[in-house]
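Before any comments, here is the structure.
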Amino acid sequence: MRYEFRVHGPGPASAAEVFPELEAATLGEDTVLYGAVIDEAHLFGLLARFRMLGVLVTEMRQVPSPIDGSRAPLID
């Protein structure tokens, strides 16, 4: 499963350290972190890390895996 997590602002400063399994992209004033989520426990662990950092997730959604294997976000 792949998920996207949208947060308002630049996102966590240490996103690469705190979320090594996710990639990040900036869209205007928002940051989208995206990547593979193994299972429900992994998903809740990610959400707990966002909460621990005080980062408000404004949108979260499951997205289809890219057919070509690329890691680009599927952002509207």
Side-chain angles (χ1 to χ4, degrees):
M1 297 180 286
R2 288 177 50 88
Y3 275 83
E4 289 181 356
F5 304 89
R6 186 178 296 247
V7 301
H8 186 68
S14 59
E17 293 175 18
V18 180
F19 301 102
E21 66 269 70
L22 300 178
E23 300 289 325
T26 303
L27 267 102
E29 295 182 6
D30 292 342
T31 300
V32 177
L33 293 104
Y34 58 94
V37 175
I38 299 167
D39 56 20
E40 190 174 273
H42 185 203
L43 176 61
F44 287 120
L46 289 167
L47 293 172
R49 282 187 262 166
F50 281 113
R51 186 173 184 178
M52 177 184 70
L53 293 170
V55 175
L56 176 64
V57 175
T58 58
E59 181 181 354
M60 175 187 82
R61 64 182 176 158
Q62 185 177 357
V63 295
S65 296
I67 295 171
D68 64 2
S70 68
R71 296 180 63 150
L74 301 171
I75 302 164
D76 295 338

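If you chain together hydrophobic residues whose side chains sit under 4.5 Å apart, L47 and L53 fall into the same group. By the criterion of side-chain heavy atoms lying less than 4.5 angstrom apart, applied directly or through intervening Ile, Leu, Val, Met, Phe, Trp or Tyr residues, F44 is grouped together with M1 in one hydrophobic cluster.
Between the CG atom of D30 and the CD atom of E59 there is a distance of 9.0 Å, given to the nearest 0.5 Å.
For the pair E21 and I38, the minimum side-chain heavy-atom distance is 4.5 Å or more. Under the 4.5 Å side-chain criterion, counting only non-hydrogen atoms from C-beta, F50 is in contact with V7. Counting heavy atoms from C-beta outward, L22 and F5 have side chains that approach closer than 4.5 Å.
Contact record, G9 with T31: O-OG1, 2.7 Å, taken as the closest heavy-atom pair. Residues P20 and R49 come closest through the heavy atom pair CD-NH1, 4.0 Å. Scanning both residues, V37 and H42, for their nearest heavy atoms gives CA-ND1, 3.5 Å. R2 approaches Y34 most closely through the heavy-atom pair NH2-CD1, 3.6 Å.
Between the T58 side chain and the R6 main chain, a donor and an acceptor come within less than 3.5 Å of each other.
Around atom CD of E40, no more than 12 heavy atoms belonging to other residues, nucleotides or ligands sit under 6.0 Å away.
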